[in-house]
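The block underneath contains the structure these notes are about, expressed in structure tokens.
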Amino acid sequence: MFIYDSVQKTKREFVPQEEGKVKLYVCGPTVYDDAHLGHAKSALVFDLLSRVLRAEGYEVTYVRNITDIDDKIIKKAQEQNKNIKEITDFYTTSYTLEMAKLGVKQPDIEPKATESLEAMFELIQKLIDKGHAYKTKSGDVYFDTSSDNAYLSLSHRVQDEDDKIQRVESSSEKKNSSDFALWKSVNDGSLTFESPFGYGRPGWHTECSAMIEKHLAKEESKFAVDIHGGGADLMFPHHENEAAQTRCGTNHQLAAYWMHNGFVNINGEKMSKSLGNSFFLKDALQIYDGEILRFYLLSTHYRSNFNFSEEDLLLCKKRLDKFYRLKKRLFGIKITFTRSAFQDELLRALGDDLNISTALALIDEMISYSNETLDNAPKNKEFKNEVLSNLAYIEEVLGFGIKNPFEYFQLGVDEATKQKIASLIEARSEAKKAKDFAAADTLRNEILSIGVNIMDTPEGTFWEKI
RNA sequence: GGUGCCAUCGCCAAGUGGUAAGGCCGCAGCCUGCAAAGCUGCUAUCCCCAGUUCAAAUCUGGGUGGCACCUCCA
């Protein structure tokens with residue numbers, strides 16, 4: 001496995017700290033609103049990564065957090081006149097359901113900030129004890145960025161010149177303007193907790209470091225996790241601060257490899273509420289099947305920015321259609337799983353920093369070759385078994401193609417229409433048998449007019465929703 | 001202003017020194033009663049300029065054009 005480390009900016013061979021085992025941590029959502037396509041992309045990328053690592057034989061411990069302590073959650077609760085828990089439960093559930101529709105497997109551990117407070121207290125205390133954090137008069141606890149000489153080494157930033165000026169002018173209690181809150185002293189009754197530092201809320205960055213310590217890190221290891229992932233926009237300040245906390249508060253670095261996925265843009269622009277072009281996953285799922293969205297969102301390399309367009313999505317779907325047509329062709333045949341050269345090649349491509357384009361090209365070539373061979377030798381059982389094994393392998397590693405192929409082509413067609421189609425096809429077959437081709441064509445046009453394509457095969461006439 | 005990313009066929013998109021993968025669209029053919037599906041074949045020298053090299057889409061320098069981060073953000 002080769003992974004591009006976005007901190008070192010090089011692709012290098014992945015070597016886990018403990019042989020055969022991978023600790024993977026990914027920043028999950030803050031549950032204050034519906035997930036948008038960007039959340040989907042991130043979840044999909046790291047779902048793919050965990051699948052590929054497992055296919056390579058690694059035992060993976062995948063942790064993805066739920067941030068359920070945040071100012072935005074409080075704001076939302078106030079707006080909707082609901083309590084905090086109602087909001088976080090609602091969006092946690094919808095997130096989980098929507099990810100499931102995309103074929104994203106649940107991570108092994110999904111810790112919540114509200115359940116990780118003890119670990120946060122412990123980390124904050126350690127930082128204070130070691131002189132990397134300080135408490136202000138008003139009760140806030142800040143991380144002292146000037147105490148960490150490796151600060152900004154992750155995001156490769158340069159300390160702002162006006163940093164010092166700000167410090168003088170600002171009435172803030174911070175020692176440096178880049179210092180960030182580990183604990184915010186609040187006692188307004190909304191989402192506050194009792195801590196050794198008084199009532200308040202933890203800072204956002206603290207939870208990830210704390211959860212990693214709690215669930216993944218080993219005291220003696222050099223890195224708390226093997227791979228830390230998240231969206232590219234989290235690099236700074238979130239990951240920078242996480243890394244600083246862990247580096248200063250514990251005996252290890254945070255991550256051996258950092259992976260950041262690119263953005264999903266709409267019309268070339270980043271999605272944002274102010275631009276009014278946010279595309280919620282729930283809305284996309286009403287129009288397109290989750291599996292098609294999965295295929296589309298994964299079809300471009302994870303580090304590239306992704307420009308979402310419905311037109312591209314529909315074109316991309318045709319690629320998935322080909323997979324299902326082959327699957328349909330071999331429907332009902334029992335398989336004994338066999339390993340093939342194709343599977344090795346596919347894994348090699350994906351093992352190269354998740355080179356999905358090469359992987360999809362291999363799949364397309366495999367499909368063409370399989371169709372051709374099946375045309376020439378329709379009774380070759382051994383070959384059919386190999387093809388089915390290849391399809392099953394793709395389903396497991398890439399997570400698409402899992403549906404019944406007939407149902408896939410009939411998505412969104414109701415029972416009454418299905419019966420109507422069946423009777424029209426039956427009538428057309430009769431007409432064809434009687435060599436009344438004019439009548440057969442009329443019937444076919446009628447079928448076409450309801451948005452359905454038909455195809456005659458040796459096994460009978462099949463139909464697909466266009 | 002600071003930092004960084006990107007620029008490959010009509011569209012999407014691999015490829016980081018050895019002579020341009022794949023998909024969609026298009027054209028031709030096979031198959032088909034005709035179609036559809038499937039299969040076969042055809043279609044780019046890689047934004048511009050200069051340089052390094054036997055050899056560059058791939059390295060270096062300079063342009064031009066996109067985009068992102070620097071505030072919450074997947």
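Below, chain A is the first sequence line, B the second, and so on; all start at residue 1.
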Which is true for [X] with a 4.0 Å heavy-atom rule: it touches a base, it touches only sugar-phosphate, or it touches nothing?
X: A:L234; result: sugar-phosphate
X: A:V264; result: base
X: A:S304; result: sugar-phosphate
X: A:S368; result: sugar-phosphate
X: A:R428; result: base
X: A:D441; result: base
X: A:G231; result: sugar-phosphate
X: A:K9; result: sugar-phosphate
X: A:K318; result: sugar-phosphate

Test: A:D352 and A:R348 ion pair at under 4.0 Å
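Result for this pair is no, no salt bridge flagged.
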
Sidechain N-carboxylate O distance under 4.0 Å for A:K76, A:D33
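A salt bridge links A:K76 with A:D33.
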
Indicate whether any N or O donor in one side chain lies under 3.5 Å from an N or O acceptor in the other, for [X] and [Y].
X: A:N371; Y: A:R329; value: yes
X: A:D353; Y: A:Y302; value: yes
X: A:S116; Y: A:E207; value: no
X: A:S147; Y: A:D144; value: no

Span that lies between the P atom of B:U40 and that of B:A14, in whole angstrom
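Those two atoms are separated by 24 Å.
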
On a plain distance test, is the side chain of [X] in donor-acceptor contact with the base of [N] below 3.5 Å?
X: A:R319; N: B:C24; result: no
X: A:R325; N: B:A37; result: no
X: A:N355; N: B:G15; result: no
X: A:H36; N: B:A74; result: yes

Earlier contact from the 5' end, RNA chain B, for A:P29 and A:N371:
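The 5'-side residue here is A:N371.
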
Comparing nearest nucleotides in RNA chain B, the 5'-proximal residue of the pair A:F306, A:R444 is A:F306

Ignoring backbone atoms, establish whether A:K322 has a side-chain N or O less than 4.0 Å from OP1 or OP2 of B:C24.
yes

Counting side-chain heavy atoms from C-beta on, which of [options] comes nearest to [X]?
X: A:E372; options: B:G22, B:A74, B:C39; answer: B:C39
X: A:F263; options: B:C69, B:C24, B:G33; answer: B:C69
X: A:D375; options: B:C72, B:C39, B:A74; answer: B:C39
X: A:S357; options: B:G2, B:A74, B:A13; answer: B:A13

